[in-house]
Structure formats: C-alpha cells, structure tokens
Number of protein chains: 2
Amino acid sequence: MARLPGYLRALTALAGEGIASVSSEELALAAGVSSAMLRKDLSYLGSYGVRGVGYDVERLASEIAAALGLTQDWPVAIVGMGNLGRALAAYRGFAERGFRVIALLDHDERVVGEEIAGCPVRPMSDLPGLVERDGLAIGVIATASEGAQEACDELVAAGIRSVLNFAPVVLAVPDDVVVRKVDLSTELQILAFHGQRLAVAEAVAP
Amino acid sequence: MARLPGYLRALTALAGEGIASVSSEELALAAGVSSAMLRKDLSYLGSYGVRGVGYDVERLASEIAAALGLTQDWPVAIVGMGNLGRALAAYRGFAERGFRVIALLDHDERVVGEEIAGCPVRPMSDLPGLVERDGLAIGVIATASEGAQEACDELVAAGIRSVLNFAPVVLAVPDDVVVRKVDLSTELQILAFHGQRLAVAEAVAP
DNA sequence: ACGACTTTGTGAAGGGAGGCACAAAGTTGC
DNA sequence: GCAACTTTGTGCCTCCCTTCACAAAGTCGT
C-alpha cells in the first residue's frame, strides 16, 4: 500500500503533539485521504481500531512501521556523484527515517576517493562486497540519464532488488526488481500543463 | 495526461539518434507503456500518426510540447534554502527543460542576501512583485515540513497556482491551485516494504 | 444495568482507467 | 492499378480502486 507512509507520517505528527487517540475521520484529514479509504486500508493490517473511540496513535504507528519493515535500518547506497548525488549525500532526510547511507559510488575514477559529506566515494566494484557484508538492499540512482541503465544493471548484478531512480529514463530490470521513480522534470511539466490550461481558460473567460 | 512528459522524453531521445519515424509499438516500449495506451493517449491530441507507417518524431514531439505548454519558458521560484533548496538551486535539470529559476526565497533573514549558485536569496516579501512583473507561475517548496504550509500560503496569496512540494506534508490549498508532490522518504519506505516482503518470502521458501 | 451515541469494519454499488481486438486507412511491391 | 501488408484509431469489455451506506461493536452517561 502506497499510502501507508502517509498515514505513518500523520500519526508521528499526532504523537508529537501528545495526542493518544484519533478517529478515522481526523487521521484521514491529516493524511489527505477519505475516511472510508483509510479504514479499508487499515483493515488490511488487522483490526487495530476500537469502535466508538478510534485508533490508538502509538499502537497504530508501530503496526504500520512493522508492516513497512521500518523496525530495522535499511542500508542505502547512492550511485552517481554529480550535482544530484552530492545533494542527496548531504541530505539529512534519509537518516531521519531509518535509512542509512552506507556508501557513495561513482563510475568515474576521478571522483572516486573524494570525500562528500564525510563519506568517501567508492568505485562501483565495491558493490558486491557491500551487498554481501553490509546487507545493502536499496540502491539510489543519481547518475545522468546516459549512465542510469548501466548503473542499474550493476546494482541488479550485485543482488540489489530495490532501486530508487532519479534519472528521467525507463529502466529495464528483471521482474523481481522493484524500481520507484522520482522525476522532477516530469512533475514540472505536468505543472506547466496545468499552468497553460489556466492561462487558456482565462483568455476565453476573463 | 501524466504520461505525456514520458513520451516527449522518449521522442527527444529518438530524435537525438536521428530517427525520423516511429511506430506506436516502438515508442511505447521506449516510454514503458503498452502500445494501445500510447495510441489512445496520442489520439486525444489529434491524429498525428500515419497508418501503415507510424508517427513523425519531430512533428509529434512538437505537438506534445505544445500541449504541455513547453513552447514558452516557465519562471520558477524556489522557497526554502536549506539543504534541499540549495541542491535544487544548483541543479541544472530545470533550465535544460525550459524551466528558468528566477528567484530563490527564504523566510529566514539570516539567509536572505546570501548568494547560491550565482543567484541572491530574496525575502518572501518579494513574491507579489515576482508574480506581477516577471510572470512567476510555479513555486517549488523546499522548506522543512514545519514551514511548508506557511510557504505555500504565501505562494498562493501572491497568485501562484502551481506548486511543486518536496516537504513530506499534505498541503491545504484552494481548489484552483495544483500541488504536485515529490517525496523521497515515501518512496524509500515503499522500497523498504518490498524489501521486507522479499526477505519474508525467502525465509519461507529459501 | 441499560439505552443512546459514536465510530469501526465491510458488503455492495459506482466509476474510470487500461487492454483487446478489429475495422479503416495508407503504403509498398508488382 | 491492384492486392497484400502494415499500422493507426477506437468501440467494447473487464477489472481494480474508490465511495457510499449500514450493521456490528463498544463506550459513556444516568
């Protein structure tokens, strides 16, 4: 379920405010979904609500965290130390949510050895060892478009089956590999589309 | 249509290889969709294909670009000059696709005046002027979660109706404002979910 | 202890997006 | 100029996701 992270985030925020119990209505509002959908989603996890009262915030949060597999730390490696890769390496958001960046990788020998955000850049040949010895399970692709497929192939060959792709290309992977895509320019283009529709609508009926 | 940017990207790549004509089958493969869906999507734009031959790459690319409103440059402002905001300011991907970052903004007076990637950081109070005089239409929110709603409110108050949100919160906006969200940690959590399912499956049937 | 009230969990209905399959249209070879 | 082949455009069908609505269940006041 792609919405569980949103619920977890809303619950964490509520817990931070010292709220112990929440109804499906309130939580749905905070997470930006309908209450019926929220209840149906949560019912898949089990019956953790109490009729007439609502859900226990702490309890539900830990159930969702368990379902998402967030009870453990997930080691992450970032491939590609260009502009984007450096930014991601410096970004604190990973560690805050249980994702530990254990390696920065680059194909380019001139970059290997450099230190970014206190972490040395390592060659791609280190990948198998990272998977084997450090339990690396998630790879982040921050290369340019051209290098993305090759980087992905190397990740998959090393045994990684979860990939987060920032490059604006469609990656070809075996069926058992999961690829999630984050694409700035696609999002911007969708916004441009709406912006234009707005402009056209205004021109017609000002 | 959220898939048009993907088609455009595939077409641009084909044009770069000097390919002049493409069938729906080939283009669909390159864009990672089914050929039937591609044809249906393109038929909404009009009949730009030739039966028995396929689509003219250049022609189709410019039609899609026009539909997306990419014939003009879209001015963009980035709000929030923390880690993420600085990274975005330095990121070249915007300009490459017709999105011009015309302003960097921050609420914090200690950051205002600083220069990042050759562009000065300006106060939030400059917003109305940017919208009025420079045609600013798209706002990018790169603040921390806490400041996101306030930043969004200021963007909307200034007249911006297209927002790209990097903060992991659900923004409340009027109906005529479009918000697109890019959320790293949600994507990572979804990957963790799959990673855990994989681990569980392996433990059951090794 | 009982009744009224609140809230969950879920069956049924509704809608929309994607896929299938085929007719229409255009091209190419002879 | 005609026939065979290729490829688009689209009507129809199916399936999944969302929403509606209500019964079951549990709480709180009296």
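Atom set for the values below is all heavy atoms of this structure, side chains included, hydrogens, waters and symmetry mates excluded. Per chain, numbering begins at 1; letters A, B, ... match sequence-line order.
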What is the separation between atom [atom1] on [X] and atom [atom2] on [N], rounded to the nearest whole Å?
X: B/L38; N: C/dA17; atom1: CG; atom2: P; result: 17 Å
X: B/Y55; N: C/dA25; atom1: OH; atom2: P; result: 16 Å
X: A/M37; N: C/dT8; atom1: CE; atom2: C1'; result: 17 Å
X: B/L42; N: D/dT7; atom1: CG; atom2: P; result: 16 Å

With a 4.0 Å limit, can you tell me whether B/S24 has a side-chain N or O closer than that to the phosphate oxygens OP1/OP2 of D/dT8?
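Yes, within the criterion.
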For this session: May I ask you to verify if any side-chain N or O of B/Y48 is less than 4.0 angstrom from the OP1 or OP2 atom of D/dT7?
Result: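 So the side-chain polar atoms of B/Y48 never come under 4.0 Å of the phosphate oxygens OP1 or OP2 of D/dT7.
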On DNA chain D, nearest-nucleotide positions of A/G52 versus B/V53: which is more 5'?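 Closer to the 5' end of DNA chain D: B/V53.
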Next on the checklist: Return whichever of A/K40 or B/S23 has its heavy-atom-nearest nucleotide of DNA chain D closer to the 5' end.
Outcome noted: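 Final value for this comparison: B/S23.
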Next item on the list: Please tell me which of the listed nucleotides, D/dT8, C/dG26, D/dT19, lies nearest to the side chain of B/R39?
Entry: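 Among D/dT8, C/dG26, D/dT19, the one nearest the side chain of B/R39 is D/dT8.
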- Okay, side chain of B/Q196, backbone of A/A66: is any donor-acceptor separation there less than 3.5 Å?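 Judged by distance alone, yes, a pair lies under 3.5 Å.
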### Query
Between the main-chain N or O of A/K181 and the side-chain N or O of A/N165, is there a donor-acceptor pair closer than 3.5 Å?
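No; judged by distance alone, with no hydrogens or angles, the pair does not exist.
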Check the side chains of A/D183 and A/S185 for a donor-acceptor pair under 3.5 angstrom, ignoring hydrogens and angles.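 Yes.
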Should we count CD of B/E58 as having more than 12 external heavy atoms under 6.0 Å?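 Atom CD in B/E58 is not packed in, count stays at 12 or less.
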